[in-house]
Amino acid sequence: MNSQERIAFLRKELSSHNHSYYVKDTSVISDVEFDQLLSELQKLENQYPNLFDANSPTQRVGGEVLDGFTAVKHKYRMLSLGNTYSAEDLHDFDLRINKLTDDDFEYVCELKYDGISISLTYENGELTQALTRGDGAQGDDVTHNVKTIKSIPLKLKGDYPKKFEIRGEIFLPIASLASMNEIRVQKGLEPYANPRNTASGSIKLLDSKEVAKRPLDCYLYYLLGDNLPTKKHFDNLQKARDWGFKIPSEIESYKTINEVLKFIEKWDLKRHDLPYEIDGIVIKVNDINLQQEMGFTAKSPRWAISYKFKAEQVATILEEITYQVGRTGAITPVANLTPVLLAGTTVKRASLHNADQIQKLDIREGDKVFVEKGGEIIPKVIGVDLSVRDLFSRPTLYISYCPSCNTELVRKDGDVKHYCPNTERCSPQIKGRFEHFISRKAMNIDGLGAETIELLIQERLISKVSDLYLLEKEDVLPLERMAEKSAVNLILGLEASKSIPFERVLFGLGIRYVGETVAKVLVKHFKTIDRIINADMETMISVDEIGDKIAESIISYFSQQKNINLIIDLKNSGLQFVSKIEDTSKSDLLKGMKIVVSGVFNHYSRSELKKMIEEHGGKNVGSISKSTTFVLFGENMGPSKKVKAESLGVNMVNEDEFLAKIS
Ligand code: IVH
């Protein structure tokens, strides 16, 4: 066998092992043997760069680091599904479907995977493109990242159509999230909240090598194309399984809606035994000709619907209410519960949000409370079982002093939360500020975690974030569990963070109400920190999206000399305080105009039009009011919007008229 043949052999062999392991859950060879074959292939490929193949198994480790993703228009729009919540809703759906056809038909029932949807394009048996849903009309090209997901075939086998799309859901198995979190907690990082957000965050990482480390998986559930093998959705999926795709086996076809309801009932109970999260059941008409006849509404197919499971609730005892102090001094009351099993996990704590919530629900220690888990991992207390309340129980008296530093709490008019005003000396606030500053979305400092921060504070090496940049290797080496390598990494991480863009530095400062988005808005508008510092109230609120509350908070932050000094120190250390955000504005033609975009358009997608509005100085608003300048309308504009626009006498502008306005 010459080298070229050996490369071809190894590629085939390795993809077949990948398929056995990640799609069929059976392993034929050991990990060590697999790695040996892979490294042999890698070596050969290095020797023969002319035999490069973008879909070789060696490409699964990632490598490409992007600046951002390219938006690509979907060939077939990626729509969502209508939701139903009850048997009654489903009977209505069944009636609607029966009105749309006189023929006999079948329903196909599938699990509704709770992840991020993906559309894969295959040409001549090779994966050529992977797009996220985006706004439905165009999505982000995440091909490099998707190639690292081992259960997604890069090359197909068997008798596949020349060109087609297949859609499915990328998800993170529950156990994989748990092991990722174990490592994060060890490193002193905040655990990821839930599998869905983590999967979605992972697929949007710019470094595909990082994505390769995330144990993502993918089920496929929808084929699109001109030359599909059969005219039945169910049968097409079975064929796709033969081509190498991971097709769920939990899929059934039924003749009646009552059988569909039984499938739902079964999975409502069994869903907690699954190794991944599902949030409902999807019901589809099986016959593709019928699907085409029934068509789509503006938002979703008429031939399919989802049934959403109810959020699960349990009752347990509220043993004690404790209070947490956040980095801004905000106090959050926490319910400490008698541990109880809820949706597959043991729940011990739940958020009580604020004093008003406790008062409104009259929540008291010792109460039997109902706890519900929605999309997020942190469950909430949604009510009290008053019928079993202890006769001697007393209403909850909200704390008046900080549980950490004992300073009297304040609650300003309009705030839902109480705050500890001792920003300088209250330790959870100091620690929280550092943790926020170094967090992934802010300075993203590699090699620095919550534990090290705590030690550095304890040792009085740091008291404000600018002190971090004065640290030297020799300062941190004596810290507990700090080896030479970690010390070097920490210093390198700090050094690298000096090139983090201004908007993230601004976000990292932790100014109240200045989240990621507001930070971006401010940087885009003011460009430099000096202009932000010098902006008065009027200038500040003239910026779109900046209201009184945010403006007051920013002005008050920069009115304090200690914060100005902090900025000076950070500037001296070389952090970014000038914008690199590209100026995308093209004209002022729509300045001061409030525009509602509604309907489907011929030349551009809705999001493209909205972008143009902003580029020409206009503002996109969601609903029509007297102050709306005009409605940019397309086909199928919502009837209620139309009536409202007419009754308020708001101008209606079509796509061509709009394009003329800005040209
Ligand atoms: S079919 C036109 N099948 O649910 C119909 N979607 O709310 C396309 N989803 O965006 C979707 N499991 O991300 C379909 N078995 C399944 C699904 C499923 C999860 C997601 C998908 C879609 C969303 C709709």
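The basis for the numbers below is simple: all heavy atoms, side chains too, and nothing from hydrogens, waters or symmetry mates. Atoms within a ligand are numbered from 1 in the order they appear, just like the ligands themselves.
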(message) Tell me whether the NZ or CZ atom of K308 lies within the 45° cone about the ring axis of Y85 and under 6.0 Å from its centre.
(response)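 No - K308 does not lie over the ring of Y85 by the 6.0 Å and 45° rule.
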Please classify the [X] to ligand 1 contact at 4.0 Å (heavy-atom distances, strictly less than): side chain, backbone, both or neither.
X    : value
Y113 : both
E110 : side chain
V282 : side chain
I116 : neither
M78  : neither
R167 : neither

(message) By the definition ring-ring contact (aromatic ring centres under 6.0 Å, His included), identify the one residue from Y276, Y22, F245 that meets it with Y219.
(response)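 Only one option passes, and that is Y276.
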(request) Looking only at protein heavy atoms, identify the closest one to atom 20 (C) of ligand 1 and say how far it is in Å. (result)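 Minimum-distance protein heavy atom for atom 20 (C) of ligand 1 reads E169 OE1, 3.5 Å.
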(message) Please state which option from S80, G168, P301, P248 has its nearest heavy atom closest to atom 2 (C) of ligand 1.
(response)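 When every heavy atom of S80, G168, P301, P248 is considered, P301 comes closest to atom 2 (C) of ligand 1.
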(request) Please work out which of Y222, W303, Y221 has its closest non-hydrogen atom nearest to atom 6 (N) of ligand 1. (result)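 The option holding the nearest heavy atom is Y221.
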(message) Between K112 and E110, does any NZ, NE, NH1 or NH2 come within less than 4.0 Å of an OD or OE carboxylate oxygen?
(response)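 So E110 does not pair with K112 through a salt bridge.
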